[in-house]
Amino acid sequence: MPKTSSKPQAETRGFETEAKQLLHLMIHSLYSNKEIFLRELISNASDAVDKLRFEALSNPELLSANTQPSVTIDFDAEAKTITLSDTGIGMSRDEVISNLGTIAKSGTAAFLKGLTGDQKKDSQLIGQFGVGFYSAFIVADTVEVLTRRAGTEAQAATLWRSSGEADYTIESAEKAETGTVITLHLKAGEADYADGYRIRSVVKKYADHLSIPVLMTKEDHALENESDEKSDAATIDGNADTKPVKVYEAINAAQALWTRSRRDIKDNEYKEFYKLVTHDYQDPLNWSHNRVEGKLEYTSLLYIPGQAPYDLWNRDAARGLKLYVQRVFIMDEAEQFLPLYLRFIKGVVDSNDISLNVSREILQQDPVVDSMRSALTKRALDMLEKLKKSKPEDYAQFWKEFGLVLKEGPAEDFANKERIAKLLLFNSTHSADDAQDQGLEEYVGRMKEGQEKIYFLVAESAKAARNSPHLEIFRKKGIEVLLLSDRIDEWLISHLRDFDGKQLQDVSRGELDLGKLDDEADKKEQEEVEKKLEGLITRVSAVLEGKVKSVRLSHRLTDSPACLAVDDYDMGLQMRKIMEASGQEVPEVKPIFELNPEHLLVTKMDSEQDEERFADIAQILFAQATLAEGSQLDDPAEFSARLNKLLLSLG
């Protein structure tokens with residue numbers, strides 16, 4: 001039987017629609033910063049080595065006795081190829097199809113959606129969305145992947161090949177060692193990447209701090225001359241087929257960054273390591289490198305990112321720190337070491353006290369993990385406090401990206417509630433614009449003499465809060481009010497309640513009591529007016545029966561005729577909308593209708609003898625107060641009809 005009959009047949013398969021879009025983008029659009037393809041492929045190779053180490057903990061037979069964890073890069077300038085080989089876990093045929101032929105993960109759709117048209121920015125998104133392998137097609141017109149999964153026979157290898165268009169071929173192959181070999185056939189204009197100096201400079205830039213060595217042939221001219229001499233001698237001896245032996249050397253530091261002393265690490269090294277482990281293209285805002293010794297022994301390197309990931313609000317998305325045990329990689333997203341409200345923190349933690357055979361389930365029950373979680377949470381809060389104090393502009397950027405997440409903290413972490421509260425920022429009547437730039441400590445420092453409470457107002461937007469009638473008396477007296485417009489704010493305040501011994505008071509809730517800030521003469525005058533206008537309150541209550549909880553005179557208005565208030569223990573508008581959006585049943589809450597006795601409209605209404613006209617005025621004022629609050633009218637047409645009727649009567 002001829003040898004060709006035993007050659008495995010190549011199967012041609014088509015890429016999915018999203019994969020075609022992605023590949024077209026890689027080939028035709030992303031021209032800026034092309035060198036990131038090497039960063040992504042090295043990072044993937046390193047991950048494969050880490051995964052093999054982890055699986056070998058429970059199955060030691062997977063590790064070959066003479067195979068050292070490494071990534072090897074070869075190049076051929078004449079053939080215009082770059083080859084990356086790793087000694088990692090490798091892939092089975094099904095895994096090759098799943099990982100290289102099918103891009104069905106949510107990250108790809110989000111990547112395509114996140115494109116801006118700016119080549120430089122878009123190219124940097126590649127690793128962040130988990131599609132790094134395909135960056136090879138930025139510089140290569142054909143990519144070959146030869147891989148064999150650890151624990152399988154040499155004949156169980158798989159060869160994948162694609163030119164990055166509509167389809168790819170896959171066939172069975174042989175491979176002596178486990179792991180993966182990726183060969184890039186460079187495009188005509190990208191041959192300069194098949195250069196030793198170029199590759200070395202890229203590796204030093206992006207992968208110097210990988211914990212495994214990146215190997216390349218040693219570039220030693222003396223060695224080359226010696227090899228040439230040996231080759232010539234071999235030719236003289238008649239053995240012309242003898243090839244010079246390649247000598248490889250590590251071209252990166254091959255030492256995990258977090259294991260080095262802080263004194264020996266430059267800021268730029270910290271930043272590049274962050275980009276390597278997170279695939280982020282922006283520098284981190286801050287970081288904390290800490291080694292703990294004593295009852296517990298572990299090293300942590302935590303980072304505050306400069307921008308939010310695309311899946312920040314997906315509570316099921318992968319999050320957490322990279323976990324190492326005695327410098328052995330265990331898992332990528334160990335969420336047990338930080339609370340959910342700190343899910344934006346990135347980094348690594350390396351412990352000497354956790355078992356190497358740990359699982360996610362064991363982590364949830366390990367008291368060592370609980371102690372580390374508490375310490376790492378405090379470390380993360382320390383970082384944020386230092387950033388807020390020393391770099392307010394960077395903290396403003398952080399708050400813009402992650403402020404809403406941090407607002408979840410007081411409800412989730414009672415032990416650190418006060419520390420988290422000091423990190424919160426709000427808009428206030430003291431702010432120059434609608435930005436959230438005022439902290440609670442700053443507010444307390446500006447409180448008027450005799451002020452006992454921290455006043456706040458919840459509204460649908462910053463603009464609505466700033467123009468709310470509830471602020472009128474506070475403006476008159478020069479009292480600062482926090483303006484809360486994020487959907488989470490009312491829920492946040494329900495768990496915060498006080499700060500620095502001072503109660504937080506909603507200015508739209510209950511009867512307004514300014515305590516020592518109230519003038520005694522004003523109080524007496526208000527009591528007299530209330531007695532005088534008891535009849536008005538009775539008439540308006542009758543008109544609005546069923547729509548309001550009660551009607552009373554207001555002490556918080558100076559310019560507006562009326563406003564709506566919420567009773568002390570009733571649910572606010574913002575909280576009701578959160579419950580409605582989540583599909584929960586919302587209890588009916590009727591507002592308190594407050595009238596400004598000094599307003600001309602209220603005075604005229606009190607003197608109105610025509611009960612029908614009186615009712616129209618009362619209903620219109622109630623509707624206006626409802627709109628000012630940010631609520632919708634039950635019957636806008638009825639409001640328009642009443643208003644038109646009243647306007648016509650003026651003529």
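By convention here, the first residue in the shown sequence is residue 1.
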J.: Does a side chain donor of either D413 or Y341 reach within less than 3.5 Å of an acceptor in the other side chain?
T.: yes
J.: Determine whether the side chains of D437 and S431 contain a donor N or O and an acceptor N or O closer than 3.5 Å.
T.: yes
J.: Measure up the Y270 and H289 rings against each other and bin them: parallel (under 30°), tilted (30 to 60°), perpendicular (over 60°).
T.: perpendicular
J.: Between N427 and R466, is there a side-chain donor-acceptor contact under 3.5 Å, judged purely by atom types and distance?
T.: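 Yes - a donor-acceptor pair under 3.5 Å links their side chains.
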J.: So, for A421 and L440, which heavy atoms are closest and what is the spacing to 0.1 Å?
T.: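 Distance-wise, the nearest heavy atoms are O-CD1, 3.7 Å.
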J.: Residues two or more places apart in sequence or in another chain: which of them pass side-chain hydrogen bond (donor to acceptor under 3.5 Å, both in side chains) with E460?
T.: K577
J.: Going through the checks in order, is the side-chain hydrogen bond (donor to acceptor under 3.5 Å, both in side chains) test met by Q436 and K400?
T.: CA-CA 8 Å; Q436 296 182 9; K400 181 181 177 183; over 6 Å; no
J.: Please identify which of these residues, R446, H430, E480, meets the side chain to side chain donor-acceptor pair (under 3.5 Å) condition with Q438.
T.: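 Answer after filtering R446, H430, E480: R446.
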J.: Does any donor atom in the side chain of Y274 or D280 lie under 3.5 Å from an acceptor atom in the other side chain?
T.: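 Yes, a side-chain donor-acceptor pair sits under 3.5 Å.
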J.: More than 12 heavy atoms of other residues, nucleotides or ligands under 6.0 Å from CD of E297: is that the case?
T.: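 Yes, enclosed.
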J.: Report the residue from E408, E412, E335 that forms a salt bridge (charged side-chain N to carboxylate O under 4.0 Å, His left out) with R343.
T.: E408
J.: Give the ring-plane orientation class for F593 versus F622, where under 30° counts as parallel, over 60° as perpendicular and anything between as tilted.
T.: perpendicular
J.: Side chains of L514 and K477: closer than 4.5 Å at any heavy-atom pair?
T.: yes
J.: Taking atom types as modelled and ignoring hydrogens, do the side chains of Q282 and K275 form a donor-acceptor contact shorter than 3.5 angstrom?
T.: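 No - no donor-acceptor pair under 3.5 Å links their side chains.
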J.: Taking the six-membered ring for Trp and the single ring otherwise, decide whether the centroids of F426 and F456 are under 6.0 Å apart.
T.: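 Centroid distance F426-F456: not below 6.0 Å, so no.
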J.: Any luck finding a side-chain donor-acceptor pair between S508 and D506 under 3.5 Å?
T.: yes
J.: Any side-chain heavy atom of V277 within less than 4.5 Å of one from K322?
T.: yes
